[in-house]
Amino acid sequence: MKKKVFSRYISLLIFISVLCNIFVWQPLVRYSRNGEWADLKSEQYNFMIEYPAHWILSTYGDRGSKGNQYARAYIRDGSSFGIYIYQHQMQNANLHDTVQWWKLEAYPLEKPIRWPHEFEERTVGENDYYALYHSYILGDYKLYIQTYFVAHNDNIYAISLKCNDNEIEQCHQEAFDRMLTSFRFLDEE
């Protein structure tokens with residue numbers, strides 16, 4: 001009888017601690033602006049980027065993820081928000097090539113809404129790499145996507161933020177901007 005009561009007491013304590021972790025501690029950490037940052041360093045794909053250390057990191061090899069063969073990393077905070085990093089080898093690649101690769105091979109769109117007619121020229125990374133930028137809402141899913149395209153030494157890259165359209169305010173734009181600022185190529189170190 002005492003073992004049964006003790007077992008229920010322990011189970012209740014574990015349940016309460018799990019609930020506290022989910023509803024009290026995680027939200028405090030998830031939105032911390034002064035949190036720790038970690039490095040994703042890929043010598044195989046020649047890039048490094050910083051990301052919030054408490055976020056979830058998934059990396060992929062040459063076969064990519066099951067949804068896209070060019071995906072090299074997926075960084076997320078545990079919600080529907082996420083940042084993908086795509087890479088593909090292409091000789092003498094330039095920024096125009098990145099967009100064509102993206103549209104035709106990497107992420108062909110069936111039903112884009114508000115597809116931009118022109119891409120904006122921007123810079124990303126510690127060394128101000130030239131990049132092309134665009135954002136759009138994808139189809140019926142109402143998926144908000146921002147993507148930066150970079151070409152470097154026979155490689156093309158896409159760094160893409162994705163979240164539900166109704167959660168744009170929770171897309172961690174400040175964290176994404178810091179990640180873009182930290183992006184660099186390892187052969188330049």
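Starting from 1, each residue takes its place in the sequence as its number.
Relative ring orientation between Phe185 and Phe183 is described as perpendicular, the plane-to-plane angle rising above 60° on a 0-90° scale split at 30° and 60°.
Looking only at side-chain heavy atoms (C-beta outward), Glu43 and Leu186 come within less than 4.5 Å of each other. When side chains are defined from C-beta on, Ile145 does not count as touching Ser135, because their heavy atoms never get closer than 4.5 Å. Residues Tyr130 and Val150 are not in side-chain contact: their nearest non-hydrogen atoms beyond the backbone lie 4.5 Å or more apart. At least one side-chain heavy atom of Ile159 sits under 4.5 Å from a side-chain heavy atom of Phe176. Using a 4.5 Å heavy-atom threshold, the side chains of Arg63 and Gln69 count as separate. Taking 4.5 Å as the limit, some side-chain heavy atom of Met179 sits within range of a side-chain heavy atom of Ile83. In this structure the side chain of Lys41 never reaches within 4.5 angstrom of the side chain of Phe47, judged on heavy atoms. With contacts defined as side-chain heavy-atom distances shorter than 4.5 Å, the pair Asp39/Ile49 does not qualify.
A distance of 6.0 Å or more separates the ring centres of Trp37 and Tyr51. Between Phe149 and Trp101, the distance from one ring center to the other does not fall under 6.0 angstrom.
What you find for Leu95 and Leu132 is that their closest heavy atoms are O-CD1, 3.7 Å. Looking at every heavy atom in both residues, Tyr60 comes nearest to Ala71 through CB-O, 3.4 Å. For the residue pair Ala175 and Trp55, the shortest heavy atom distance occurs at CB-CH2, 3.6 Å. Between Leu40 and Ala73, the shortest heavy-atom distance links the atoms CD2-CB, 3.6 Å.
Tracing side-chain contacts under 4.5 Å through hydrophobic residues (I, L, V, M, F, W, Y), one never reaches Met48 starting from Tyr148; they form parts of separate clusters.
Separating the OG1 atom in Thr98 from the CD1 atom in Ile156 is a distance of 6.5 Å, to the nearest 0.5 Å. Note that CD of Gln89 and CG of Asn155 are 5.0 Å apart. Values are rounded to the nearest 0.5 Å. Distance check, rounded to the nearest 0.5 Å: CD of Glu126 to OG of Ser182 gives 7.0 Å. Gln173 CD to Leu161 CG: the interatomic distance, rounded to the nearest 0.5 Å, is 6.0 Å.
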Give the C-alpha distance, both sets of side-chain angles, the deciding distance and a yes or no for side chain to side chain contact (heavy atoms under 4.5 Å, CB included) between Asp77 and Ile56.
CA-CA 6 Å; Asp77 70 349; Ile56 302 162; over 6 Å; no

Before you tell me yes or no, could you show the steps for Thr59 and Ser42 under side chain to side chain contact (heavy atoms under 4.5 Å, CB included), namely the whole-Å CA-CA distance, both residues' side-chain angles and the distance that decides it to 0.1 Å?
CA-CA 9 Å; Thr59 56; Ser42 175; over 6 Å; no

Mind running side chain to side chain contact (heavy atoms under 4.5 Å, CB included) on Asn46 and His152 for me, showing each step along the way?
CA-CA 10 Å; Asn46 190 36; His152 179 77; 3.7 Å; yes

Are Tyr74 and Ser65 close enough, and set up right, to give a side chain to side chain contact (heavy atoms under 4.5 Å, CB included), and what steps lead you there?
CA-CA 9 Å; Tyr74 177 45; Ser65 71; over 6 Å; no

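Checking Tyr45, Tyr70, Tyr157 one by one against His88, the ring-ring contact (aromatic ring centres under 6.0 Å, His included) holds for a single residue, Tyr70.
Looking only at atom types and distance, the side chain of Asn153 has a donor-acceptor partner in the side chain of Asp187 under 3.5 Å away. Under the 3.5 Å distance criterion, with hydrogens and angles disregarded, no donor-acceptor pair is assigned to the side chains of Asp154 and Gln91. Counting only N and O atoms by type, the side chains of Arg76 and Ser58 include a donor and acceptor under 3.5 Å apart. Using modelled atom types and a 3.5 Å distance limit, the side chains of Asp62 and Gln44 yield a donor-acceptor pair. Counting only N and O atoms by type, the side chains of Tyr129 and Glu188 include a donor and acceptor under 3.5 Å apart.
The cationic group of Arg122 lies under 6.0 Å from the six-membered ring centre of Tyr133 and within 45° of the ring axis, placing it in a cation-pi geometry.
The environment of CD in Gln100 is crowded: more than 12 heavy-atom neighbours from other residues, nucleotides or ligands sit within 6.0 Å.
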